[in-house]
Protein chains: 2
Amino acid sequence: MRLSDPETIFKAFGDATRLRILALLQDHELCVCEIEAALSLSQSNASRSLTILKNAGIIQSRKQAQWAYCRISDDFSSRYPELCTALEKICAELPSTKNDKDSLKKIREIQSCEKM
Amino acid sequence: MRLSDPETIFKAFGDATRLRILALLQDHELCVCEIEAALSLSQSNASRSLTILKNAGIIQSRKQAQWAYCRISDDFSSRYPELCTALEKICAELPSTKNDKDSLKKIREIQSCEKM
DNA sequence: TCATTATATGCAAATATGCGAATATAATAA
DNA sequence: TTATTATATTCGCATATTTGCATATAATGA
């Protein structure tokens, strides 16, 4: 998905769920189902939130078998490196991030998508 | 106004009018009426857009006589320096910025608030 | 005092957004 | 093929946001 204008990018950032998703994606490429589980999101909410980030060009996804893996997009980080850095720091400092990362870690210990 | 959380700040950025205002405020402290005139905003739209930026803690204002002067807030730039830098660059690159700054320049040549 | 100017705000209509529930699609496995 | 799993999308509702218009407030100056 083509990188959007700043207004759209900021609008995509302006939501707690989407910021939590971006916080998890700072470290790893992640499968949709891992994000959904780690953040306790409904399936439709997870998918829709990711679609908004994807449409804004902030994340990119690749499909492998039945799984979709998402990560911060190369277009975004190369076009807006300063914003990307700012976002990284902001995400790290979100009150929700510590717990969310712990949840993610547990989920990945028990089961990874590839083994499901 | 107290600096808000990142979600609120990004939400405030997620609007074309507010980004245009921030683009003008990168260079100068400005009077509300200058912003209104330079961007051809309705009075209520200018006032309300500034209120949203103010409530998010992104800008601060001081009242002098009948005029209100706004600028990027110290709280914002010291708490989120990277974001502040990213914003500065993004604002400079907005397609609207060149014209808006020209308009502002003309307005300030003809009349400054202090002389009105 | 009253008139003027700058700014803020209440209200209402239009529009946008967020989210669950249901449904659709796509890939895999049996 | 059918069943299952992962993901995406559509629908509908509740809520939030945007914006103009009208009005209110506040400062100034005559």
Side-chain angles (χ1 to χ4, degrees), chain A residues 1 4-5 7-22 25 29-56 59-71 107-108 110-116, chain B residues 1 4-5 7-21 25 29-56 58-71 107-108 110-116:
Chain A
M1 189 67 63
S4 295
D5 58 285
E7 178 188 347
T8 305
I9 289 172
F10 284 131
K11 211 172 284 185
F13 287 162
D15 175 87
T17 300
R18 294 193 294 263
L19 284 178
R20 288 172 71 206
I21 292 174
L22 289 168
L25 290 177
E29 180 185 67
L30 289 173
C31 178
V32 174
C33 63
E34 292 173 316
I35 295 168
E36 181 185 330
L39 304 185
S40 298
L41 301 176
S42 73
Q43 189 271 322
S44 74
N45 195 5
S47 176
R48 242 175 330 185
S49 298
L50 289 165
T51 298
I52 289 167
L53 292 170
K54 216 182 299 174
N55 286 343
I59 65 173
Q60 60 187 198
S61 71
R62 63 185 178 89
K63 192 113 187 186
Q64 183 179 309
Q66 66 269 54
W67 300 288
Y69 293 89
C70 300
R71 61 188 186 92
I107 284 158
R108 287 169 70 94
I110 301 168
Q111 51 184 196
S112 75
C113 280
E114 291 79 9
K115 297 175 200 158
M116 277 181 191
Chain B
M1 188 66 63
S4 296
D5 58 285
E7 179 188 347
T8 305
I9 289 172
F10 284 132
K11 210 172 283 185
F13 288 162
D15 175 87
T17 300
R18 295 191 293 263
L19 284 178
R20 289 173 69 207
I21 291 173
L25 290 177
E29 180 185 67
L30 289 173
C31 178
V32 174
C33 64
E34 291 173 318
I35 295 168
E36 181 185 331
L39 304 185
S40 298
L41 301 175
S42 74
Q43 189 272 321
S44 73
N45 194 3
S47 176
R48 247 187 275 259
S49 298
L50 288 165
T51 298
I52 289 168
L53 292 170
K54 216 181 298 175
N55 286 343
I58 300 162
I59 64 173
Q60 59 188 197
S61 71
R62 63 186 177 88
K63 192 112 185 187
Q64 183 179 310
Q66 67 268 54
W67 299 288
Y69 293 89
C70 301
R71 62 188 187 92
I107 284 158
R108 288 168 70 93
I110 301 169
Q111 50 183 193
S112 77
C113 280
E114 291 80 10
K115 299 174 200 159
M116 276 181 192

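Naming: A, B, ... by sequence-line order, numbering from 1 per chain.
- The side chain of Ala68(A) lies closest to dT7(D) when the candidates are dG18(C), dT7(D), dA8(C).
- Between Arg48(A) and Lys54(A), it is Lys54(A) whose nearest contact on DNA chain D lies nearer the 5' terminus.
- Atom-to-atom, CE of Met1(B) to C1' of dA8(C) comes out at 13 Å; the value is rounded to the nearest Å.
- Distances shorter than 4.0 Å separate none of the side-chain N or O atoms of Lys63(A) from OP1 or OP2 on dA8(D).
- Taking CD1 of Ile52(B) as the start and OG of Ser47(B) as the end, the distance is 10.0 Å to the nearest 0.5 Å.
- Taking atom CZ of residue Arg62(B) and atom C1' of nucleotide dA8(C), one finds them 19 Å apart after rounding to whole Å.
- Between Gly14(A) and Gln43(A), the residue anchored closer to the 5' end of DNA chain C is Gly14(A), taking for each the nucleotide with the nearest heavy atom.
- Considering only side-chain atoms of Ala65(B), the nucleotide from dT7(D), dT28(D), dA8(C) that sits closest is dT28(D).
- If you take CG of Leu50(B) and P of dA8(C), they are 7 Å apart, rounded to a whole angstrom.
- The interatomic distance linking Glu36(A) (CD) with dC19(C) (P) rounds to 14 Å, in whole Å.
- A close approach under 4.0 Å does not occur between any side-chain nitrogen or oxygen of Ser47(B) and OP1 or OP2 of dT7(C).
- Looking at the side chain of Asn45(A), the nearest of the listed nucleotides dG18(C), dC11(C), dC19(C) is dC19(C).
- Residue Asn55(B) contributes atom CG, which lies 11 Å from atom P of dA8(C) at whole-angstrom precision.
- The residue Ile52(B) sits close only to the backbone: its heavy atoms come under 4.0 Å of sugar-phosphate atoms, none of a base.
- Arg108(A) is listed as a side-chain neighbour of Leu30(A), based on a closest heavy-atom distance under 4.5 Å.
- Between the OH atom of Tyr69(A) and the P atom of dA8(D) there is a distance of 13 Å, rounded to whole Å.
- A sub-4.0 Å separation between OP1 or OP2 of dG18(C) and a side-chain N or O of Arg18(A) is present.
- Ranking dT9(C), dA6(D), dT28(D) by closeness to the Gln66(B) side chain, first place goes to dT28(D).
- Donor-acceptor pairing under 3.5 Å is lacking for the side chains of Thr51(B) and Asn55(B).
- Along DNA chain C, the nucleotide nearest to Lys11(A) and the one nearest to Ser44(A) differ in position, and the one closer to the 5' end is contacted by Lys11(A).
- Note that CZ of Phe10(A) and CG of Asp5(A) are 10.5 Å apart. Values are rounded to the nearest 0.5 Å.
- Taking every side-chain heavy atom of Asp15(B) into account, dT18(D) is the closest of dC19(C), dA21(C), dT18(D).
- Each of Arg62(A), Glu34(A), Gln60(A) was scored for a side-chain contact (heavy atoms from CB on, under 4.5 Å) with Glu29(A), with one residue passing: Arg62(A).
- A straight line from CD of Gln64(B) to C1' of dA27(D) spans 12 Å, rounded to a whole angstrom.
- Here dC19(C) presents its C1' atom at 14 Å from CZ of Arg20(A), a figure rounded to the nearest Å.
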